[in-house]
Number of protein chains: 2
Amino acid sequence: MTTIYDVAKHAGVSPATVSRVFNGTNVSAEKVAAVREAAELLKFTPNRTARSLRLQSSEVIALVIPDIENPYFTEMARGVEDAASEAGYSVVLCNSDSQTEKEATYLGIAVAEHMSGVIIAPASEKTDLTPVLSTGRPVVVVDRGTGYDVDGVVMANRVAGVAATQALIDAGYRRIAYIGGPEQIDTAVERAEGWRSVVSASEPAFDTDALERFATFRVEGGREAMQELLALPHPPDAVVAGNNLIGVGAIQVLTERGLTPPQIGVAVIGSLPFTTLSPTAVTVVRLPARHMGTTAAKMLLERIRGDKQPARTVVLRNEVQVASALR
Amino acid sequence: MTTIYDVAKHAGVSPATVSRVFNGTNVSAEKVAAVREAAELLKFTPNRTARSLRLQSSEVIALVIPDIENPYFTEMARGVEDAASEAGYSVVLCNSDSQTEKEATYLGIAVAEHMSGVIIAPASEKTDLTPVLSTGRPVVVVDRGTGYDVDGVVMANRVAGVAATQALIDAGYRRIAYIGGPEQIDTAVERAEGWRSVVSASEPAFDTDALERFATFRVEGGREAMQELLALPHPPDAVVAGNNLIGVGAIQVLTERGLTPPQIGVAVIGSLPFTTLSPTAVTVVRLPARHMGTTAAKMLLERIRGDKQPARTVVLRNEVQVASALR
DNA sequence: GTGAAAGCGCTAACAT
DNA sequence: ATGTTAGCGCTTTCAC
């Protein structure tokens, strides 16, 4: 490994000058040239570990997500990466697998590795951010809320729930069920509220409890809940899926039973990037995941650069893609 | 930030002893207790940057993939993460976006950050591994081959191509087209060879050139190629998709035109994790992506621990899930 | 504009 | 078994 000293020797300057050349401070043109040439020749790459030990910070940000296999989060990761790499930062992707302990481990690593900041989609409301906040590092919370006074980027969840349900009502469906995520997760709760408000308004006697199901935010969760709903004495004629994977699971079950949408109405909150459905059969409330990622990254970078304004929360609007095929 | 010196002072020992306690060497029971207590009290976390500067290595491995939004690669990432975190290593996920320059940047970062090793699914055959190999760090190449003498884990691509095509033949299809990936990528070429060998054997006069298409390994690539094939004067009665995303694109186009499988036979090389298709309509040759990830991680960890045996390449068998609905 | 030297937090000889 | 100390590669005062 070639160091700043090797380069200095070859260029006939001091190590300090080499450092200056690589950090853009006042150095005479000739010395700059000499240093660059020597660096080229010796294939010198600055040692980031040494640099970050000295600077007490590294140009890396941590992105902690609960499910690396969910396209919603990878799309977001993509957005974070775009914004970060444009600013010369790299992104470490950490998969908490929805486990608070794993999440805590990664947050610990983030500080122990001197990372500049963290973007996190919390695994639950138990997420403890103090280890990183106490070091003064900025945190941006995405997708979900937390009790901490930090920047956040969230989706307009209630609005998404309303839009999904309303599209189904407009298409003529009446018994609209809802399959949401875990009861403790606030995004899930907000989306459910949107659904509940629309169905209750449409029919005052609507028995929301009978048609609401809580699932995991996974394909399997959607499958199980859909099966339960279909087994009901008086099954629904439509369903709102609380996230993309639940939507996939629900549609799989319907397809297997020959109840292809729009025979039963289906609206999904979240995009379905790899489905093979006709786009006219299902209403999709697209959540701008990639945009959420870039927004979060930009906010974090501002904080890293020393921005001290009070914490902000950005709420992202979503775009509704209504099924055109009605039953 | 509390350091080893703070802990040493509180515990009434030397910094070296604190270090020893955290690295499991001979320290008397009393001192261990004193150090642990002080560390607890002061919320001490070892500084990984300093540690890796000193050790010239960090317990981090880099995983470089060409498309973070492809479930095939995220599934693989999941496997890598499982094996690595079990061994106390963390994984930095880098998205090269199929660009050789981005890939080179990340490889540079991997060495500049003293990462212990890298697992890479190369963006192309131009990938230059020398910057990392020359530092003595181990590399495991996954999914695709390279010209380097390093460990690798690949799928049985030719076999997969044969299996996909044979399933279609067995189901009675005769004009079987193939939509593959970019011509320069060896996995794509091998899978195509499998297809070609089966169709040529089935009918000596088979005009393979007319029915072979090269696409990008993306949904859009599959869509375009499928459209071209359908516009042919004498279109195919079945198609083999060279990867999961191409399969999604092809099936989307077919569905939009009302040609739902198995009206046209479809076989896909790679799993379709988020499709809503009836599983009986499409033949899927599952590629064990997660297993590829864990295998690669284990091989890399062995090398990191000093294993010096000659380079190995592991070929992973795949599992065929034949469509049961025949036309 | 440039160099000398200290120090970021840790580990590993080397002494004791 | 434990302490002392040098040094990993870099940045940055402080002199000149």
Side-chain angles (χ1 to χ4, degrees), chain A residues 1-36 38-39 42-60 88 108-116 135-137, chain B residues 1-36 38-39 42-60 88 108-116 135-137:
Chain A
M1 165 157 291
T2 120
T3 80
I4 219 173
Y5 290 92
D6 306 325
V7 176
K9 199 167 292 174
H10 267 258
V13 299
S14 77
T17 300
V18 177
S19 173
R20 289 186 184 109
V21 169
F22 280 87
N23 291 287
T25 34
N26 294 330
V27 180
S28 70
E30 314 125 63
K31 303 222 166 180
V32 170
V35 168
R36 292 227 179 279
L42 301 172
K43 295 204 194 112
F44 168 74
T45 338
N47 183 320
R48 290 191 167 219
T49 306
R51 184 163 203 275
S52 72
L53 176 59
R54 178 63 228 239
L55 261 32
Q56 301 285 41
S57 132
S58 71
E59 270 142 20
V60 176
I109 291 177
V111 340
E113 296 257 21
H114 291 305
M115 296 181 194
S116 314
T135 67
R137 288 182 166 65
Chain B
M1 165 157 288
T2 117
T3 78
I4 219 173
Y5 290 93
D6 305 327
V7 176
K9 199 168 291 174
H10 268 259
V13 300
S14 76
T17 299
V18 178
S19 173
R20 288 185 186 109
V21 169
F22 280 87
N23 292 286
T25 35
N26 294 331
V27 180
S28 71
E30 315 126 61
K31 303 226 167 181
V32 170
V35 168
R36 292 228 179 278
L42 301 172
K43 294 202 193 115
F44 167 74
T45 338
N47 183 319
R48 288 188 169 221
T49 306
R51 185 164 203 276
S52 71
L53 176 59
R54 176 64 228 234
L55 261 32
Q56 302 285 38
S57 129
S58 69
E59 270 142 20
V60 176
I109 291 177
V111 339
E113 297 259 21
H114 291 304
M115 296 180 193
S116 315
T135 68
R137 289 181 165 65

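Throughout, a chain's letter reflects where its sequence line sits, starting with A, and its residues are numbered from 1. Computed from a predicted structure; not experimentally measured.
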Assign a letter to each nucleotide of nucleotides 6-11 of chain C from its 5' end: B, base within under 4.0 Å of a protein heavy atom; S, sugar-phosphate only; -, no contact.
BBBBBB
Which distance, rounded to the nearest 0.5 Å, do you find between the OG of Ser19(A) and the CZ of Arg54(A)?
9.5 Å
Answer whether the closest heavy-atom distance between the side chains of Leu42(B) and His10(B) falls below 4.5 Å.
yes
Atom pair CD/OG of Gln56(A) and Ser116(A) - distance to nearest 0.5 Å
12.0 Å
Salt bridge (Lys or Arg N to Asp or Glu O under 4.0 Å): which pairs involve residues 11-35 of chain B, sequence neighbours left out?
none
In chain order, what residues pass the salt bridge (Lys or Arg N to Asp or Glu O under 4.0 Å) check against Arg137(A), with sequence neighbours excluded?
none
Can you measure from OG1 (Thr49(B)) to CE (Met115(A)) and round to the nearest 0.5 angstrom?
8.5 Å
Taking heavy atoms of chain A and a 4.0 Å limit, find me the 5'-most and 3'-most nucleotide of DNA chain D within that range.
dG9(D) to dT13(D)
Kindly list each side-chain donor-acceptor pair under 3.5 angstrom involving residues 1-9 of chain B, sequence neighbours excluded, with atom names and distances?
from	atom 1	to	atom 2	distance (Å)
Thr3(B)	OG1	Tyr5(B)	N	3.0
Asp6(B)	OD2	Thr3(B)	N	2.8

Of all the heavy-atom pairs spanning Glu59(A) and Gly88(A), show the shortest one and how long it is.
CB-O, 4.1 Å
What distance separates Glu113(B) CD from Ser52(B) OG, expressed to the nearest 0.5 Å?
8.0 Å
At what angle, to 10 degrees, do the two end axes of the helix from dG1(C)-dC16(D) to dT16(C)-dA1(D) meet, given five pairs define each axis?
40°
Do His114(A) and Asn47(B) come within less than 4.5 Å of each other through their side chains, counting heavy atoms only?
yes
